S.K.: 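Pasting in a structure now, in structure tokens, and then I'll have a few things to ask.
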Amino acid sequence: MISKNQIKYVHQLELKKFRKQEGLFIAEGHKVVGDLLEAGFTPRQLFATSDWLATNQMAGAIEVTPDELTRLSLLQHPQQVLALFPIPETSAISPDSSALSLLLDNVQDPGNLGTIIRIADWFGISTIYCSEGTVDAWNPKVIQATMGSIARVQIVYTDPIQLFDSLPTDFPIYGTFLDGENIYTQSLSQHGIIVMGNEGNGISETVRARVTHKLLIPDFHQGDTADSLNVGVATAITCSEFRRRSL
């Protein structure tokens, strides 16, 4: 039997303050939990139905009924397994001078952050730096939106200016702007940091001042068109163009 205290504990992890205090995050479903387990993450606790346990050997797993899982879950439609994993400690990771990485400047929407993590995973970008104003990557909504990519992408929260100060003086820092240069005609390197900004305000002035290559994703519509692209869509287009150049 699952106790009320266990249910309360899991639900409290929806709060950033409690996640930070406990050092844990929630993952749910075959895909997300499976990818984390495959990547070597060890759950502090794992709750699963008999159907999931029938095909997955997990020492220490707590078997629950579908009704109990519904009471534990934060999802509208629970998916047989819920696990509590330790939040990785990644604050000491420095940029790889031979690789691309992303810096998110105050991205606020959990769905957008989850999508960007999934995009980074797809395009082989292993590290995402986040300003302190960016939504918490261990938010359950972010975790679900990554569809398991959170297992393969390192998330580092840092002060962007301190990060820039730690880089070599010639290290390329790219950013997307409405007044930038056409991304399809500019020279793009195989290493550097790509900065993506806030959904409503774009890249902040302090970060903008440190960007060395200002890029524009041009529109191709004749006449009136959308004012801007969703930050996840813009990230996908930008990463795709960088990777296309490396072929």
Side-chain angles (χ1 to χ4, degrees), residues 10-11 13-16 19 23-49 51-58 61 64 66 69-70 72-88 90 93 99-104 107-130 134-157 194 196 198-199 229-244:
V10 171
H11 286 192
L13 289 171
E14 192 171 11
L15 304 174
K16 180 179 179 180
R19 289 195 298 274
L24 296 172
F25 69 94
I26 302 170
E28 298 197 54
H30 299 274
K31 176 63 175 169
V32 178
V33 173
D35 281 10
L36 286 163
L37 292 174
E38 187 176 339
F41 283 70
T42 302
R44 186 76 54 82
Q45 285 187 309
L46 186 144
F47 306 89
T49 64
D51 287 343
W52 189 87
L53 291 170
T55 55
N56 297 272
Q57 299 297 320
M58 178 55 58
V64 294
L69 186 64
T70 296
L72 280 167
S73 177
L74 303 179
L75 301 178
Q76 187 173 359
H77 302 290
Q79 301 169 24
Q80 297 188 344
V81 61
L82 179 153
L84 309 182
F85 289 96
I87 296 173
T90 55
I93 296 173
L100 281 175
S101 56
L102 289 171
L103 169 66
L104 305 184
V107 170
Q108 295 288 296
D109 184 81
N112 283 337
L113 177 53
T115 297
I116 291 170
I117 293 171
R118 194 174 176 186
I119 290 165
D121 185 24
W122 182 264
F123 286 107
I125 295 174
S126 62
T127 303
I128 297 178
Y129 297 94
C130 298
T134 295
V135 63
D136 182 23
W138 310 106
N139 179 315
K141 292 180 180 178
V142 176
I143 300 298
Q144 291 309 118
T146 71
M147 290 298 291
S149 290
I150 191 68
R152 294 175 292 273
V153 178
Q154 300 174 100
I155 310 297
V156 182
Y157 282 82
I194 302 170
M196 305 304 297
N198 173 268
E199 291 87 345
L229 290 171
N230 169 274
V231 65
V233 173
T235 302
I237 293 170
T238 303
C239 292
S240 179
E241 183 61 16
F242 271 85
R243 290 313 192 204
R244 187 184 71 81

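Only a predicted model underlies this, so the values are computations on that prediction, with no experimental measurement involved. Residue indices begin at 1 and follow the sequence shown.
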S.K.: Do Gln108 and Val135 have side-chain heavy atoms sitting under 4.5 Å apart?
M.R.: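 Contact flag for Gln108/Val135 side chains = no.
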
S.K.: Using side-chain heavy atoms (C-beta onward) and a distance below 4.5 Å, is Phe47 in contact with Val81?
M.R.: no

S.K.: For the residue pair His30 and Gln79, confirm or rule out a side-chain donor-acceptor distance under 3.5 Å.
M.R.: no

S.K.: So, taking the atom named CE in Met58 and the one named CG in Asn56, what distance separates them when rounded to the nearest 0.5 Å?
M.R.: 7.5 Å

S.K.: Look at Lys16 together with Asp136 and state whether they make a salt bridge at an N to O cut-off of under 4.0 Å.
M.R.: no

S.K.: Are side-chain heavy atoms of Ser149 and Ile119 found at a separation under 4.5 Å?
M.R.: no

S.K.: What's the separation between atom OG1 in Thr42 and atom CZ in Phe85, rounded to the nearest 0.5 Å?
M.R.: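 Here the interatomic distance stands at 8.0 Å.
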
S.K.: Taking the side chain from His11 and the backbone from Leu74, do they hold a donor-acceptor pair closer than 3.5 Å?
M.R.: no

S.K.: Answer whether the closest heavy-atom distance between the side chains of Phe25 and Pro140 falls below 4.5 Å.
M.R.: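 Phe25 vs Pro140: side chains apart.
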
S.K.: Determine whether a donor-acceptor pair (N or O, by modelled atom type, separation under 3.5 Å) exists between the side chain of Glu199 and the backbone of Asp109.
M.R.: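 Looks like yes, one N/O pair under 3.5 Å.
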
S.K.: Look at the side chain of Thr70 and the backbone N and O of Pro66, then say whether any donor-acceptor pair between them is shorter than 3.5 Å.
M.R.: yes

S.K.: State the CD1-CG distance between Ile87 and Leu84, to the nearest 0.5 angstrom.
M.R.: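 So the gap between those two atoms works out to 11.0 Å.
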
S.K.: Work out which heavy atom in Leu69 is nearest to a heavy atom in Leu82; give both atom names and the distance.
M.R.: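 Closest approach of Leu69 to Leu82, heavy atoms only: CD1-CB, 4.0 Å.
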
S.K.: Indicate the atoms forming the closest heavy-atom contact of Ile155 with Ala137, along with that distance.
M.R.: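 That closest heavy-atom pairing would be CG2-CB, 3.7 Å.
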
S.K.: Is there a side-chain contact (heavy atoms from CB on, under 4.5 Å) between Leu46 and Trp52 once you walk through the steps?
M.R.: CA-CA 11 Å; Leu46 186 144; Trp52 189 87; 3.7 Å; yes

S.K.: If I take atom CG from residue Leu103 and atom OG1 from residue Thr134, how far apart are they, to the nearest 0.5 angstrom?
M.R.: 7.5 Å

S.K.: How about Arg19 and Leu24: do any of their side-chain heavy atoms sit closer than 4.5 Å?
M.R.: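 The answer is no; the side chains never approach within 4.5 Å.
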
S.K.: Check whether any side-chain N or O of Arg152 sits under 3.5 Å from a backbone N or O of Ala120 as a donor-acceptor pair, and report yes or no.
M.R.: no

S.K.: Would you find a donor on one side and an acceptor on the other, under 3.5 Å apart, between the side chain of Asp121 and the backbone of Ile117?
M.R.: no

S.K.: Would you say that Ile237 contacts Leu229 through its side chain, given a criterion of any heavy-atom pair below 4.5 Å between the two side chains?
M.R.: yes

S.K.: Measure the spacing between OG of Ser101 and CD1 of Ile194 and express it to the nearest 0.5 Å.
M.R.: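 Separation between the atoms: 8.0 Å.
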
S.K.: Working to the nearest 0.5 Å, report the span between OG1 of Thr115 and CG of Asn230.
M.R.: 7.5 Å

S.K.: Could you tell me if the side chain of Val156 sits less than 4.5 Å from the side chain of Thr127, heavy atoms only?
M.R.: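 Yes, close enough: below the 4.5 Å cut-off.
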
S.K.: Please give me the minimum heavy-atom distance between Phe41 and Ala151, naming the atom from each residue.
M.R.: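 Closest pair (atom of Phe41, atom of Ala151, distance): CE1-O, 3.8 Å.
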
S.K.: Does Gln144 reach the main-chain N or O of Glu28 with its side chain, forming a donor-acceptor pair under 3.5 Å?
M.R.: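 A pair under 3.5 Å: yes.
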
S.K.: For a quick test of reading the model, state the closest non-hydrogen atom pair linking Cys239 to Ile125 and the distance between them.
M.R.: SG-CD1, 3.6 Å

S.K.: Which heavy atom of Trp138 sits nearest to which heavy atom of Pro88, and what is that distance?
M.R.: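 For Trp138 and Pro88, the tightest heavy-atom pair comes out as CH2-CD, 3.4 Å.
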
S.K.: Mind listing the closest non-hydrogen atom pair of Val107 and Leu113 along with its distance?
M.R.: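 Closest approach of Val107 to Leu113: CG1-N, 4.4 Å.
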
S.K.: Is any side-chain heavy atom of Ile26 closer than 4.5 Å to one of Ile143?
M.R.: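 A side-chain contact under 4.5 Å is absent here.
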
